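Along the sequence shown, the residues carry numbers beginning at 1. Both ligands and their constituent atoms are indexed starting at 1 by order of listing. On a predicted model such as this, the values are computed, not experimentally measured, just so you know.
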Amino acid sequence: MPARASSADRLYLDHAAATPLRPEVAEAMAQAAADAFANPSSPHAAGRVARHALEASRERILALLGGRTADGRRDRLVFTSGATEANRLGILGTGRARGDGGWIGVSGRDHTSIQAAATELAHRGWRLETVPLAAAGTIAVDAIRAATAACPAARPRILAVTTVCGQSGIREDLAVITECATADGLIVHADATQAVAWDEVDFATTPLATLALAPHKFGGPRGIGGLVVRGGLPLLPLAPGPQELGLRGGTEAVSLAVGFAHALSLAVAERRDTAARIAGLRTRLERALLTAAQAAGVEALVVGSDSSRAPHVALVAFAGVDRQAFAMAADLEGICLATGTACASGSSEPPTIVAAMGIPPRFRQGVVRLSLGRSSTSRDVDEAVARLAALISRSSRTSGADLSSP
Ligand code: PLP
């Protein structure tokens with residue numbers, strides 16, 4: 001039964017799923033909710049205040065992401081409910097604007113929302129291809145060429161790319177992919193949801209068509225996300241209406257947009273320092289876990305340890321351990337960690353990237369994801385390792401089915 005359950009004792013190692021709302025962001029949102037409460041579509045003075053707050057947030061976000069805000073072919077930012085909807089709008093909205101019968105490429109790195117949107121296009125007659133991954137966990141570039149060669153160049157072809165994989169933290173080589181995709185005339189949708197807090201995202205210098213993100217991954221609010229849309233790109237709304245340049249109907253959530261912009265500007269300003277600190281903590285965490293596993297006689301590895309990774313995710317695989325039982329036992333010890341992305345939690349399948357990278361089968365059921373964030377400390381890491389070491393040791397003595405405290 002629970003060894004430790006008090007919230008004061010809790011160690012949160014699931015920042016890739018959600019980060020705590022930053023107090024300064026909450027403050028800015030509360031102010032906006034009071035000052036800019038009106039409907040931004042109302043033409044009266046109060047509505048104009050809300051409109052101004054909304055559009056100022058939009059411009060601020062676009063500028064921080066390298067979107068083109070000058071007149072002419074302006075890039076657009078469509079506010080959505082989160083990254084799931086942004087991925088759907090980027091893929092389905094672009095696909096539907098091009099008609100039926102194109103090609104859509106996804107990979108085992110992608111979030112389920114990308115897979116789901118691509119499957120919907122497949123129901124509309126598009127050819128859906130899962131592009132293989134190289135051993136490093138990035139899209140195998142040759143595979144893009146081979147896959148698209150089968151689809152006539154006259155048909156629309158969309159490639160979905162996840163810039164930082166939410167399961168593993170492994171970065172995609174965006175420059176190589178987009179260069180190859182551009183040469184082949186592909187429309188590239190990027191999911192940068194896990195990247196924004198750690199890596200520079202510059203829409204101006206990449207030939208991306210659309211880019212999805214959500215601020216709850218970097219101290220911003222839940223319930224809002226965004227899709228950056230290249231100026232001039234044809235896109236059909238999924239929920240038609242006059243708002244959001246006709247690309248998403250419904251009254252806009254002004255205070256959430258203000259929080260989004262505020263969180264992004266803080267994250268961008270602090271990115272370099274925070275990333276360096278968190279990379280150090282992640283190294284410390286991974287080394288200590290591998291050492292604990294070795295001491296317990298449990299074979300272990302870090303997925304993607306030789307790949308370029310964003311600093312926040314440690315995807316660790318313990319041979320012969322049942323990851324669901326491990327995560328439950330960790331929870332009883334007061335440690336919040338994950339067995340994959342939050343939307344896939346409870347799935348009996350390990351994270352898709354593990355098989356796609358060819359990780360040996362004996363490790364696959366024992367994969368757990370620990371993810372750090374801006375508020376993580378060395379004490380969190382050391383205390384988590386101390387508690388997990390005991391669990392790993394117990395797992396070497398059980399079948400993995402029951403790891404609760406003896
Ligand atoms: N894309 C990636 C890479 C993610 O990590 C997530 C969330 O975990 C999403 C999309 C979905 O984001 P949201 O929960 O905002 O819909």
How does [X] reach ligand 1, if at all, at less than 4.0 Å between non-hydrogen atoms: by side chain, backbone, both, or neither?
X	value
Thr84	both
Glu85	neither
Ala83	both
Asn87	side chain

Flag, side chain of Arg364 to backbone of Ile359, donor-acceptor distance under 3.5 Å =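 Flag set: sc Arg364 to bb Ile359 pair under 3.5 Å.
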
Side-chain ion pair, Asp184 and Arg157, N-O less than 4.0 Å =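 A salt bridge is absent here (no side-chain N lies under 4.0 Å from a carboxylate O).
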
Is Glu200 salt-bridged to Arg271, going by a charged N under 4.0 Å from an acidic O?
->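 No, no charged N to carboxylate O under 4.0 Å.
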
Judged by modelled atom types alone, do Thr162 and Asp110 share a side-chain donor-acceptor pair under 3.5 Å?
->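 On atom types as modelled, these side chains qualify, holding a pair under 3.5 Å.
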
Flag for Ser265-Arg60: side-chain donor and acceptor within less than 3.5 Å =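 Arg60 vs Ser265: donor-acceptor pair found between side chains.
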
Enumerate the residue pairs fulfilling ring-ring contact (aromatic ring centres under 6.0 Å, His included) with a member in residues 152-206, sequence neighbours excluded, ordered by first and then second residue.
->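 Qualifying pairs: Trp198-His312.
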
Does Lys217 have a heavy atom less than 4.0 Å from any atom of ligand 1?
->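 True for this residue.
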
Can you sort out which atoms of ligand 1 are near Ala214, meaning under 4.0 Å from one of its heavy atoms?
->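 In order of numbering, the contacting atoms are 15 (O).
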
Have a look at Gln167, His216, Arg88 and point out the one with the heavy atom closest to atom 14 (O) of ligand 1.
->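 Residue with the shortest heavy-atom distance to the ligand atom: His216.
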
N/O of Gln194 under 3.5 Å from N/O of ligand 1, yes or no?
->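 Gln194 vs ligand 1: N/O contact under 3.5 Å present.
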
